[in-house]
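All residue numbers in this chain count up from 1 along the given sequence. Indexing begins at 1, ligand by ligand and atom by atom, following the structure's order.
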Amino acid sequence: MSQFIAPDYYALDELLSDEQKIARGAVRDWVNREVKPSIEEYSEKSEFPKHLIKQMGELGAFGPFIPEKYGGTGMDYITYGLIMQELERGDSGIRSMASVQTSLVMLPIYEYGSEEQKEKYLPRLASGEIIGCFGLTEPNHGSDPGSMLTKIVDKGNYYLLNGAKMWITNSTIADISIVWAKDEQGIIRGMIVEKGWEGLTAPETHGKLSLRASVTGELVFDNVKVPKENLLPNIKGLKGPLNCLSSARYGIAWGVLGAAMDCYDTAVRYSQERIQFGKPIGAFQLQQKKLAEALTEITKAQLLAWRLGTLRIEDKATPGQISMAKRNNVFMALNIAREMRQVLGAMGITNDFPIMRHMMNLESVITYEGTHDVHLLITGHEITGIPAYK
Ligand SMILES: Cc1cc2nc3c(=O)[nH]c(=O)nc-3n(C[C@H](O)[C@H](O)[C@H](O)COP(=O)(O)OP(=O)(O)OC[C@H]3O[C@@H](n4cnc5c(N)ncnc54)[C@H](O)[C@@H]3O)c2cc1C
């Protein structure tokens with residue numbers, strides 16, 4: 001039985017619709033029941049709990065904003081955010097899986113795909129029958145994906161794909177990959193590559209000390225024949241993958257709130273139970289400072305996420321605004337994990353409590369989908385009109 005109490009200091013729940021609260025409640029209950037009891041074990045084994053994928057599909061965690069016609073639930077972007085928040089309260093790896101499936105695989109097919117591609121892939125992605133991954137980052141091109149080397153050559157009735165992608169979430173378990181590659185004119189194109197095609201391999205990346213309950217690997221293309229009908233017809237250029245990343249980064253801004261809330265809630269409870277010098281440690285000013293600052297930062301981050309959500313629903317959220325929220329909220333969550341861990345003293349470093357796992361996970365989240373520094377430079381660009389990142 002979970003004792004979790006979600007912080008809502010500024011009564012943000014009053015701004016949510018009944019549908020949004022119902023969706024959040026369903027995912028919250030599921031995380032308590034299915035994720036929390038075993039996630040430490042999976043993280044320790046460095047294994048993704050694959051048996052949860054179908055359940056996540058049934059919950060509506062994949063493509064909540066995709067119309068029902070294609071297997072989604074047609075919900076709004078705040079509901080998507082709340083679902084990401086609850087999943088990440090369980091583990092950033094679980095949220096990452098759902099983020100990739102939703103924003104980086106279903107979204108490009110929905111936005112840029114042909115009707116045939118939508119009908120073929122979206123319902124099965126929504127149900128979790130098939131899993132997707134998103135191949136943008138390369139061994140030598142991370143923050144600068146526009147310089148990618150992966151390429152396609154037109155061979156008449158198919159494209160020949162060559163190159164390699166690295167740090168790809170879900171790569172080894174993916175049935176399909178959304179791959180971004182340059183054509184002979186140097187224009188970035190997106191395509192759907194299926195598992196099992198000759199020349200495609202997906203070796204796993206080992207030795208991660210962060211996001212351990214998540215699959216990460218490479219995608220290597222050695223003369224892979226991509227049928228022409230697998231190209232995403234309605235997008236050309238870097239804005240294709242960047243639009244997908246905007247949606248995923250938006251979800252991260254919400255998701256990390258879940259990790260922060262879990263750390264905060266754990267520390268509040270511990271501070272009331274742990275007795276030192278004859279008093280609960282929560283009675284000492286220095287511990288209250290940590291808790292009060294954590295609640296302040298969570299509240300500010302909640303307001304940022306909620307307002308960004310309303311802008312996104314109105315289709316007005318800019319990439320710069322999304323960068324600001326992703327950067328602020330991940331940093332907030334990581335700092336809270338570090339501070340709340342100290343409230344638990346030595347117990348804070350064990351896996352009897354979730355804080356250390358969240359902290360380690362957040363070290364990936366602060367780097368992927370655009371690093372902390374690069375997001376700051378995006379804001380700097382908007383302030384000055386000068387892109388300092390190139
Ligand atoms: C667990 C995990 C999962 C991931 N999943 C995916 C995935 O599913 N699909 C995918 O395509 N990618 C994925 N990534 C890759 C991720 O998006 C990249 O790691 C990220 O974009 C940063 O690239 P890089 O690691 O090559 O760092 P680099 O770009 O080499 O950056 C190294 C450092 O230099 C800084 N830097 C770089 N350029 C500048 C600049 N212009 N000005 C100032 N500082 C700069 C960065 O901020 C960083 O601190 C994942 C990464 C991780 C860790």
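In terms of protein heavy-atom proximity, atom 41 (N) of ligand 1 is nearest to Tyr389 O, 2.9 Å. Residue, atom and distance of the protein heavy atom nearest to atom 49 (O) of ligand 1 are Asp373 OD2, 4.2 Å. In this structure, the protein non-hydrogen atom closest to atom 45 (C) of ligand 1 is Val374 CG2, 4.4 Å. Ranking the protein heavy atoms by distance from atom 12 (N) of ligand 1 puts Thr137 OG1, 2.7 Å first. The nearest protein atom to atom 23 (O) of ligand 1, hydrogens excluded, is given as Gly142 CA, 3.3 Å; this is a heavy-atom distance. Closest to atom 19 (O) of ligand 1 among all protein heavy atoms lies Thr367 CG2, 3.9 Å. Protein heavy atom nearest atom 7 (C) of ligand 1, with residue, atom name and distance: Trp167 O, 3.3 Å.
For atom 33 (C) of ligand 1, no protein heavy-atom neighbour is present inside the 4.0 Å cut-off. For atom 1 (C) of ligand 1, a protein heavy-atom neighbour is found at a distance under 4.0 Å. For atom 25 (O) of ligand 1, the nearest protein heavy atom lies 4.0 Å or farther away. Distance check for atom 17 (O) of ligand 1: a protein heavy atom is found below 4.0 Å. Contact annotation for atom 5 (N) of ligand 1: protein present (non-hydrogen atoms, distance under 4.0 Å).
Of the candidates Ser96, Ser99, Ser92, Tyr368 forms a side chain to side chain donor-acceptor pair (under 3.5 Å) with just one, namely Ser96. When each of Asp373, Thr371, Leu377, Ile378 is checked for a side-chain contact (heavy atoms from CB on, under 4.5 Å) with His375, only Ile378 meets the rule. Exactly one of Glu138, Lys165, Met166 qualifies for a side-chain contact (heavy atoms from CB on, under 4.5 Å) with Leu219. That residue is Lys165. Exactly one of Arg357, Lys45, Arg212 qualifies for a salt bridge (charged side-chain N to carboxylate O under 4.0 Å, His left out) with Glu40. That residue is Arg357.
In Leu377, the part holding a heavy atom less than 4.0 Å from any atom of ligand 1 is the side chain. If you look at Glu369 next to ligand 1, the close heavy atoms, those under 4.0 Å, all belong to the backbone. When non-hydrogen atoms are compared, ligand 1 lies under 4.0 Å from the backbone of Ser143 as well as from its side chain. Residue-level proximity to ligand 1 for Thr169 is carried by backbone and side chain together, each with a heavy atom below 4.0 angstrom. Contact annotation for Thr371 and ligand 1: only side-chain heavy atoms (C-beta onward) come within less than 4.0 Å of the ligand.
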Margin query: Please evaluate residues Gln302 and Tyr10 with respect to the criterion side chain to side chain contact (heavy atoms under 4.5 Å, CB included), reporting the C-alpha separation (whole Å), side-chain torsions for both, the decisive distance (0.1 Å), and the verdict.
Written below: CA-CA 9 Å; Gln302 283 173 321; Tyr10 269 32; over 6 Å; no

Next item on the list: Mind running side chain to side chain contact (heavy atoms under 4.5 Å, CB included) on Ile178 and Met106 for me, showing each step along the way?
Entry: CA-CA 9 Å; Ile178 302 295; Met106 294 178 74; over 6 Å; no

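Ring pair Tyr42/Phe48: centre-to-centre distance not below 6.0 Å. In this structure, Tyr70 has its ring center no closer than 6.0 Å to that of Tyr121.
Within ligand 1, counting atoms from 1 as listed, the ones closer than 4.0 Å to a heavy atom of Leu211 are 1 (C). Each of the atoms 7 (C), 8 (O), 9 (N), 10 (C), 11 (O) of ligand 1 lies under 4.0 Å from some heavy atom of Ile168.
For a threshold of 3.5 Å applied to N or O pairs, the pair formed by Leu136 and ligand 1 contains at least one separation below that value. Checked against a 3.5 angstrom limit, the closest N/O atoms of Phe134 and ligand 1 fall inside it.
By the 4.5 Å heavy-atom criterion applied to side chains, Val365 and Glu88 are counted as neighbours.
Transitive grouping of hydrophobic side chains (ILVMFWY, heavy atoms separated by less than 4.5 Å) brings Phe284 and Tyr264 into a common cluster.
The shortest non-hydrogen separation linking Ala253 to Asn329 is O-ND2, 3.0 Å.
For Lys118 and Tyr110, the positive end sits near the middle of the six-membered ring, less than 6.0 Å away and at most 45° from its axis. A cation-pi arrangement is absent between Lys326 and Tyr250 under the rule of less than 6.0 angstrom and at most 45 degrees off the ring axis.
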